[in-house]
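Source: prediction; values computed, not measured. Letters A, B, ... are given to chains in the order of the sequence lines, protein chains preceding strands, and every chain is numbered from 1.
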Protein chains: 2
Amino acid sequence: MDASFNPVVSPLIRKLESIIALSDDERQAILDLPLQVMSLRADQDIVREGDRPSRSCALLEGFACTYKSTAEGKRQITAFYIPGDIPDLQSLHLEVLDTSLGTLTPSKVGFIQHEVLQELCDRHPRIARAFWRETLIDASVFREWTVNVGRRDAYARIAHILCELMARMRAVGLARDHTVQIPITQHEFADASGLSNVHVNRVIQALRSDGLIVLKGETLQALDWERLKEAGDFDPTYLHLSPKAEAA
Amino acid sequence: MDASFNPVVSPLIRKLESIIALSDDERQAILDLPLQVMSLRADQDIVREGDRPSRSCALLEGFACTYKSTAEGKRQITAFYIPGDIPDLQSLHLEVLDTSLGTLTPSKVGFIQHEVLQELCDRHPRIARAFWRETLIDASVFREWTVNVGRRDAYARIAHILCELMARMRAVGLARDHTVQIPITQHEFADASGLSNVHVNRVIQALRSDGLIVLKGETLQALDWERLKEAGDFDPTYLHLSPKAEAA
DNA sequence: CGTTTGGTTGAAATGTGTCAAACTTTGTGG
DNA sequence: CCACAAAGTTTGACACATTTCAACCAAACG
């Protein structure tokens, strides 16, 4: 039941258990995965657009994001990743990476060879389904982000992003009450929301003076979760959290 | 070899064969799928956000799109679908739909029960992988759309969308040269690009007067494919087309 | 303690939205 | 086959949300 004897993969176990109940057998298969663990500094690329990786990685500690850059040199972050996530599982079935993946903070990632993952999937169909499901949830999040960036004004966009981070952190037990540590700069919020960093700053001040949030340093607190959700037009359905994770 | 004896599923076969080479066995399994075919008018919902469908569908004829609406009533289209696509394969592993799926034109869709699909996947691991891969490509397209809507100006946004449609239609043999039939209104392009219909109209006129496209009625012609790609900052990598499909 | 990084402010510029009306094409029933 | 309705496209004037630029401030860091 307790994965603490292998602290390295425990975020991954915790994440998978929030998706499906693992049998002892399955849990052991995860624990036995040959993982190449690597520590990375902040703002380092893990893999880059155009790469043809032979392995995927699990984010064990720290924060990361996928992003793409336009010809004009503007950057769009397309997703944030938190401990337990497998940000580039897609490369298991897509030869060429269409996006870059980089750290936001000092991080620890565990690399797993594709053959190993493939064999795990062949041997444990339920784990395969859980992985597939994971990638489907990623896709759902991308859809929501398109809506966010395409059809919400700046105020709602930022509120929505904050809501998503809060909900996901809570779902994996990385928050107490409605307070979380989010080491994301305003510049990065800008790249995630399709706004300028200056405007993000003004919006955050508005959210503060409206009494919705406290955001100082890395600490984000939702002072009024219900109103914040409303401001961000946030409905957590698209995160496909398990009922217990959602209630957390 | 020839799927023409069952014309109904042939777009699906063609699409799958553009992903993996099907064995006779596998092709037959697809042909044998119990498909409930249904004809739909334009602008009809196939499934809606919040539904818990027990089946997925293949788009056999016509055009469709996934979309979500904000609390303010604004609509964002998150993807276009063309014949052969399986727009809601996600519902196989996600209980609640987080997006709506509707037709753009009169269409014919084939519904397949989830249990049947699941059994197909269990029996034919390569088909399962092809399906998974399909959903990963969908995810890749959503990422690109987020970039498009978040970080490109109106001119590039529209050019990019036109490029994607052109490339995908060519990949499944629905174009000759650089001319395709695209029954999508400017209002729909607006909802796909996060712009107003008025502005879409002005941008399309600019693309026309710059000699990049002819767009009249449902006919889109790329007069200068290379310049159109450049205008749209379009790199087809994210579509993960097979080499032969890409050359088509 | 200086340097870097991230946050804040103000003024001016601009891309895109809104509104309202006219025009054009497509579809349909008489 | 015409007449009309409906749907889609085009136009102009104006409003405004957001960007850009440039400077300054605050906090973190070696």
Calculate the interatomic distance between A/E218 atom CD and C/dG6 atom C1'; express it in whole Å. 12 Å

Has B/Q205 got a side-chain N or O lying under 4.0 Å from the OP1 or OP2 atom of D/dT9? no

Could you check whether B/T185 gets within reach of a base, just the sugar-phosphate, or nothing at all, counting any heavy atom under 4.0 Å? sugar-phosphate

B/I204 has an atom CD1; how far is it from atom P of D/dT11, in whole Å? 12 Å

Output the single nucleotide from C/dG17, D/dA22, C/dT16 whose closest atom is nearest the side chain of B/S196. C/dG17

How is B/N197 classified with respect to the nucleic acid when contacts are heavy atoms under 4.0 Å: base, sugar-phosphate, or nothing? nothing

Any donor-acceptor pair, under 3.5 Å, between the side chain of B/R202 and the base of C/dT18, if you only look at N and O atoms? yes

Rounding to an integer number of Å, can you tell me how far B/R152 CZ sits from D/dT19 P? 17 Å

If the threshold is 4.0 Å, N to carboxylate O, is there a salt bridge linking B/R168 and B/D85? yes

Could you tell me the separation between the CZ atom of A/R151 and the P atom of D/dA17, rounded to a whole number of Å? 16 Å

Judged by modelled atom types alone, do B/D235 and B/T237 share a side-chain donor-acceptor pair under 3.5 Å? yes

Is there a side-chain hydrogen bond (donor to acceptor under 3.5 Å, both in side chains) between A/D98 and B/S140? Walk through the geometry before answering. CA-CA 7 Å; A/D98 55 81; B/S140 173; 3.1 Å; yes

Does B/N201 put a side-chain nitrogen or oxygen below 4.0 Å from OP1 or OP2 of D/dT10? yes

Provide, to the nearest angstrom, the distance between the CZ atom belonging to B/R157 and the P atom belonging to C/dG15. 13 Å

N/O (side chain, B/Q186) to phosphate O (OP1/OP2, D/dA7) under 4.0 Å: no

Quick one: which of C/dT8, D/dT19, C/dT16 gets closest to the side chain of A/L195? D/dT19

If we count only N and O atoms by modelled type, under 3.5 Å, do the side chains of B/Q205 and B/N201 hold a donor and an acceptor together? yes

With B/I213, which of B/Q221, B/R208, B/R227 fulfils side-chain contact (heavy atoms from CB on, under 4.5 Å)? B/R208

To the nearest Å, how far apart are A/H187 NE2 and C/dT4 P? 18 Å

A/F189 CZ - C/dG7 C1' separation (whole Å): 13 Å

What's the CG-C1' distance between B/D43 and D/dA7, to the nearest Å? 11 Å

Select one nucleotide: of D/dT11, D/dT18, C/dT8, the one nearest the side-chain heavy atoms of A/R208. C/dT8

